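What you see is a predicted model, and the numbers here were worked out from it, not measured in a lab.
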Amino acid sequence: MPKNDKPLGRGLGAMLGDMPIPVHKDNANVVSGNANIRIESIEANPYQPRTQFDEEALGELAQSIKTYGLIQPVTVRPVGSGKYQLISGERRFRAAQMAGLTEIPAFVRTVDDALSIQMALVENIQRADLNAIEIAMSYQMLIDECHLTQDELGSKVGKTNTTISNYLRLLKLSTPVQVAVRDNQISMGHARTLVTVEDEALQAKLLQQIVDGQLSVRQTETLVKKTLEGVRNKKSKVKITLSDDVRAAQTAISQKLNTKVSIKKDISGKGHIQIPFASDEELKNILSLLQ
């Protein structure tokens, strides 16, 4: 068996629980079991979480398959008209294609779309070679496509709610940062630190500094903290001039409440209205006027 094709720690059945397996309406006569299936009859699973495959590793597996055959069957489900869809084993399937096989051993499971998605994603999430973005996308897909809560998802993949949340937050990052995680330029720890930076242009600037300087996660945390403090200080020093309409409104409110009212805005357009009072009685009068 290829080195990277490790079985699930708790078993797929334990991950999925006692879920019913309905028969696909177009393949009611298909019985689950082992079979040799022509490669041309098998299509990829659209919910496969892995987006990139190591071509060199695939080539090595293909050479092994040429010599010894495909030892571990793939898992497929019938989808009608003599066609099958992969549930798990896409790496082996691709290597078998490279090796020139015309048919491969497969375990046929007759399942519906929702269960097929869960089986494919849960099986693949357990693999050690998925990067953090692929795992995050898989978690989000399970939530969206299978209508799972984070607690339910955590139970199926054996992770805490906090871990699930940490992965899902990575999907809020800008595309360049996600690509850097996918390509192992930065770690999940680096990425989690950058999530706190809302401005995508600033994210990109910090990403470049992290990669160029080969910064550790701790150094990245310090860099991000100092950068955000600098941004906040810069915003606080910018003097905002109120428009004529806002100044007129400020004057009107002051006259209405018979006290000095102050309207302040920051560079983003956000702001607040200050209404001072000198005593409880004055506060009661202001509240009465506001009501």
Side-chain angles (χ1 to χ4, degrees), residues 4 6 8-10 12 15-16 44-54 57 88 90-91 114 117-232:
N4 290 333
K6 297 178 182 178
L8 295 182
R10 294 193 296 141
L12 188 58
M15 289 290 183
L16 295 174
N45 191 320
Y47 298 100
Q48 158 65 245
R50 182 181 300 158
T51 57
Q52 290 190 323
F53 290 82
D54 187 320
S88 64
E90 182 160 347
R91 181 171 172 274
I117 293 168
Q118 290 193 41
M119 290 175 68
L121 292 177
V122 172
E123 195 267 352
N124 277 285
I125 286 170
Q126 308 309 311
R127 302 180 64 91
D129 54 352
L130 282 183
N131 63 60
I133 294 299
E134 289 172 331
I135 292 174
M137 292 173 65
S138 300
Y139 286 163
Q140 190 63 59
M141 220 178 291
L142 277 164
I143 289 171
D144 293 342
E145 301 294 338
C146 302
H147 309 292
L148 299 177
T149 65
Q150 285 194 27
D151 285 337
E152 291 169 338
L153 174 59
S155 296
K156 291 186 182 299
V157 299
K159 302 293 183 183
T160 65
N161 205 332
T162 299
T163 299
I164 299 294
S165 295
N166 285 338
Y167 275 104
L168 293 177
R169 290 180 70 205
L170 299 182
L171 300 180
K172 297 179 180 180
L173 291 164
S174 62
T175 299
V177 179
Q178 291 190 37
V179 170
V181 177
R182 184 199 66 188
D183 294 345
N184 295 315
Q185 291 181 294
I186 62 173
S187 70
M188 181 176 175
H190 292 100
R192 284 177 57 189
T193 303
L194 288 174
V195 168
T196 60
V197 181
E198 296 181 0
D199 185 87
E200 291 193 357
L202 187 54
Q203 273 187 23
K205 181 180 178 181
L206 291 170
L207 172 63
Q208 196 63 51
Q209 292 181 51
I210 294 166
V211 174
D212 290 346
Q214 297 183 331
L215 303 185
S216 66
V217 173
R218 176 85 43 104
Q219 289 172 322
T220 298
E221 290 172 350
T222 301
L223 172 64
V224 169
K225 182 180 179 180
K226 288 183 177 179
T227 301
L228 291 180
E229 286 177 351
V231 170
R232 284 192 291 268

Enumerate the residue pairs fulfilling ring pair (Phe, Tyr, Trp, His ring centres under 6.0 Å) with a member in residues 196-224, sequence neighbours excluded, ordered by first and then second residue. none

Tell me the ring pair (Phe, Tyr, Trp, His ring centres under 6.0 Å) pairs involving residues 167-211, sequence neighbours left out? Y139-Y167

Test of understanding: with side-chain hydrogen bond (donor to acceptor under 3.5 Å, both in side chains), list the residues that count as partners of Q219, not counting sequence neighbours. S216

Would you please name every residue forming a side-chain contact (heavy atoms from CB on, under 4.5 Å) with T222, sequence neighbours left out? K226

List for me each residue that meets side-chain hydrogen bond (donor to acceptor under 3.5 Å, both in side chains) alongside T227, sequence neighbours excluded, and say none if there are none. none

Looking at E229, I'd like to know if its CD atom is crowded, meaning that more than 12 non-hydrogen atoms belonging to other residues, nucleotides or ligands lie closer than 6.0 Å. yes

Mind checking whether M188 and N166 have side chains closer than 4.5 Å, heavy atoms only? yes

For N131, is there any backbone N or O sitting under 3.5 Å from a side-chain donor or acceptor partner on E134? yes

For N184, side-chain hydrogen bond (donor to acceptor under 3.5 Å, both in side chains) partners two or more places apart: none

Test side-chain hydrogen bond (donor to acceptor under 3.5 Å, both in side chains) applied to T160 - qualifying residues, sequence neighbours left out: T163

Considering residues at least two apart in sequence or located in another chain, which fulfil the side-chain contact (heavy atoms from CB on, under 4.5 Å) criterion with E152? L148, T149

I'd like to check the side-chain contact (heavy atoms from CB on, under 4.5 Å) partners of Q178; sequence neighbours left out, ordered by chain and number. I133, L171, L173

Got a donor-acceptor contact below 3.5 angstrom from the D183 side chain to the Q185 backbone? no

Does T175 have any side-chain contact (heavy atoms from CB on, under 4.5 Å) partners at least two apart in sequence or in another chain, and if so, which? V179

In short, ring pair (Phe, Tyr, Trp, His ring centres under 6.0 Å) pairs touching residues 194-232 with sequence neighbours left out are none

Please confirm whether the backbone N or O of V177 pairs with a side-chain atom of Q203, one donor and one acceptor, at under 3.5 Å? no

